[in-house]
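Reviewing the structure listed below.
Here is the naming used below: chain letters follow the sequence lines, and residue numbers restart at 1 for every chain.
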Protein chains: 2
Amino acid sequence: MPRGFGRGGRWWHGRLRDAGYRLTLSRDAILSVLNGASGHLSAEEIYLKVHNIYPAGGLSSIYRTLELLTQMGLVFKFDFGDGRARYELAQGPEGERHHHHLVCTNCGRVIDCGNFDQDEEDLLAKIEKGILKKFSFRVTSHMIRFLGLCDKCRNGISHGQGRGT
Amino acid sequence: MPRGFGRGGRWWHGRLRDAGYRLTLSRDAILSVLNGASGHLSAEEIYLKVHNIYPAGGLSSIYRTLELLTQMGLVFKFDFGDGRARYELAQGPEGERHHHHLVCTNCGRVIDCGNFDQDEEDLLAKIEKGILKKFSFRVTSHMIRFLGLCDKCRNGISHGQGRGT
DNA sequence: GTGAATGCAAAAAGTTTGCAGGAAC
DNA sequence: GTTCCTGCAAACTTTTTGCATTCAC
């Protein structure tokens, strides 16, 4: 564990510096929270978690940093239709992360869905080549959303409070 | 053209009636606009277009109807990160529509992207079976979003005003 | 005629912005 | 020391809601 950094060594330091941005306590705390979280967090959830690490921060810094990171491509922003945006780190220390979600159309629950297999990669690579030809659009990443019914709702428990998307 | 209905015959009448909802002028106008539009429209864009057909309507009816239709599964709601939701008919008279988009991370432009080919269908069907097994989640539809650079931004024109996903 | 749906206006919620003080370099 | 970043509070925008009226059935 080089220089006392846990969990993979704060790989984002270099990314910020290289892009010419300052490495502030606030930004470090936000990235640390995102890096530790398994899935999609809302701005307020991030705010609350950041508060434990760095209590001085305000919500607007969270928003400003998240926008910065989104523009840098370090973070992806999602909207699952519940009126607040969700954020997810684009990658971990080990490399690209996947961004596929199952969204229950009945209760609104969102499940993070890991990788599939090599076939998926191959087909998507093929599709992305086709997009480049047809639209002259260079794809850098993709995300798939599956709509349907989660296990609970399929079994008739039906907490029903979904709002769509 | 049965009973004087143009463009496919307002197939949605039955869908509303069957679900026990009243067929109002406002709802009909909204569905008509969505049916005629090629891609994703914001609530306000729909409002403006509806105004031409049915000038009495207000924005809140648009929102209420769009939520109803989204819950019914007739409409999909999207968010491309510009602060307003977009709506797209889930299907046309001819059947299921695809919901794949190219989102430019530089200028924010969104391009509707049609079907690919049979391979895609086959693979997604396979993936959806896997999701049923692994998560006990019954997939009913899917949407793919590709992020990248559009033709203009690739060529350095760069109007840059994107806000994320 | 009855209950659901609408229209208007007001409220709510999330997100953005201005500006002065503070922190990173 | 200089410049960028933050924190607070106020502003903004989109979306939601209450209630009386209107319309579909």
In whole angstroms, how far is the C1' atom of C:dC25 from the NE2 atom of A:H13?
15 Å
Excluding sequence neighbours, so at least two apart, what forms side-chain contact (heavy atoms from CB on, under 4.5 Å) with B:S141?
A:L147, B:F76, B:E96
Which pairs with one or both residues in residues 48-60 of chain A pass salt bridge (Lys or Arg N to Asp or Glu O under 4.0 Å), sequence neighbours excluded?
none
Does any pair with a residue in residues 17-40 of chain B pass ring pair (Phe, Tyr, Trp, His ring centres under 6.0 Å), and if so which ones, sequence neighbours excluded?
B:H40-B:F80, B:H40-B:H101
Tell me whether the OP1 or OP2 atom of D:dC5 has a side-chain N or O from A:R27 closer than 4.0 Å.
yes
Proximal nucleotide (of C:dC25, D:dC5, C:dA5) relative to the B:Y21 side chain:
C:dA5
Quick note, salt bridge (Lys or Arg N to Asp or Glu O under 4.0 Å) partners involving residues 15-31 of chain B, not counting sequence neighbours, are B:R10-B:D28
Any donor and acceptor pair, going by atom type alone, linking the side chain of B:N155 with main-chain N or O of B:D151 inside 3.5 Å?
yes
I'd like to know if the side chain of A:R154 and the backbone of B:S136 have a donor-acceptor N/O pair within less than 3.5 Å.
yes
Atom pair distance, as rounded to whole Å: CD1 in B:I62 and P in C:dT6:
10 Å
Here's a test of your reading of the structure: between A:A56 and B:R86, which maps to the more 5' nucleotide of DNA chain D?
A:A56
When rounded to whole Å, the CG to P distance for the pair B:L69 and C:dA5 reads 12 Å
Could you tell me the separation between the CG atom of B:L25 and the P atom of C:dT6, rounded to a whole number of Å?
10 Å
May I have all residue pairs that pass salt bridge (Lys or Arg N to Asp or Glu O under 4.0 Å) and include part of residues 30-48 of chain A, sequence neighbours excluded?
A:E45-A:R86
Ignoring hydrogens and angles, are the base of D:dT3 and the side chain of A:R22 linked by a donor-acceptor pair under 3.5 Å?
yes
Just the rounded figure in Å: distance from C1' of C:dA5 to CD of B:Q71.
16 Å
Between N or O atoms, less than 3.5 Å apart, protein on one side and nucleotides 17-22 of chain D on the other: list the pairs.
none

For B:L59 and D:dT15, give me the distance from atom CG to atom P, rounded to whole Å.
9 Å
How would you label the contact of B:Y47 with the nucleic acid (heavy atoms, under 4.0 Å): base, sugar-phosphate, or nothing?
nothing
Nearest 0.5 Å please: distance from the CH2 atom of A:W12 over to the CD1 atom of A:I30.
11.5 Å
Would you say a side-chain N or O of B:T24 is under 4.0 Å from OP1 or OP2 of D:dA24?
no
Under 4.0 angstrom between A:Y54 side-chain N/O and D:dG7 OP1 or OP2:
yes
The ring pair (Phe, Tyr, Trp, His ring centres under 6.0 Å) partners of B:Y54 (sequence neighbours excluded) come to none
With pairs defined as Watson-Crick or G-U wobble and both distances under 3.5 angstrom, please note down DNA chain D as a dot-bracket string, | for pairing with another strand.
|||||||||||||||||||||||||
When the distance from CZ of B:R17 to C1' of D:dC25 is rounded to whole Å, what number comes out?
8 Å
Tell me which pairs pass ring pair (Phe, Tyr, Trp, His ring centres under 6.0 Å) where either residue lies in residues 126-148 of chain B, with sequence neighbours left out.
B:H100-B:H142
Tell me the interatomic distance from A:D18, atom CG, to C:dC25, atom P, rounded to whole angstroms.
13 Å
Counting only side-chain heavy atoms from C-beta out, which of C:dT15, D:dG7, D:dT15 sits nearest to A:A43?
C:dT15
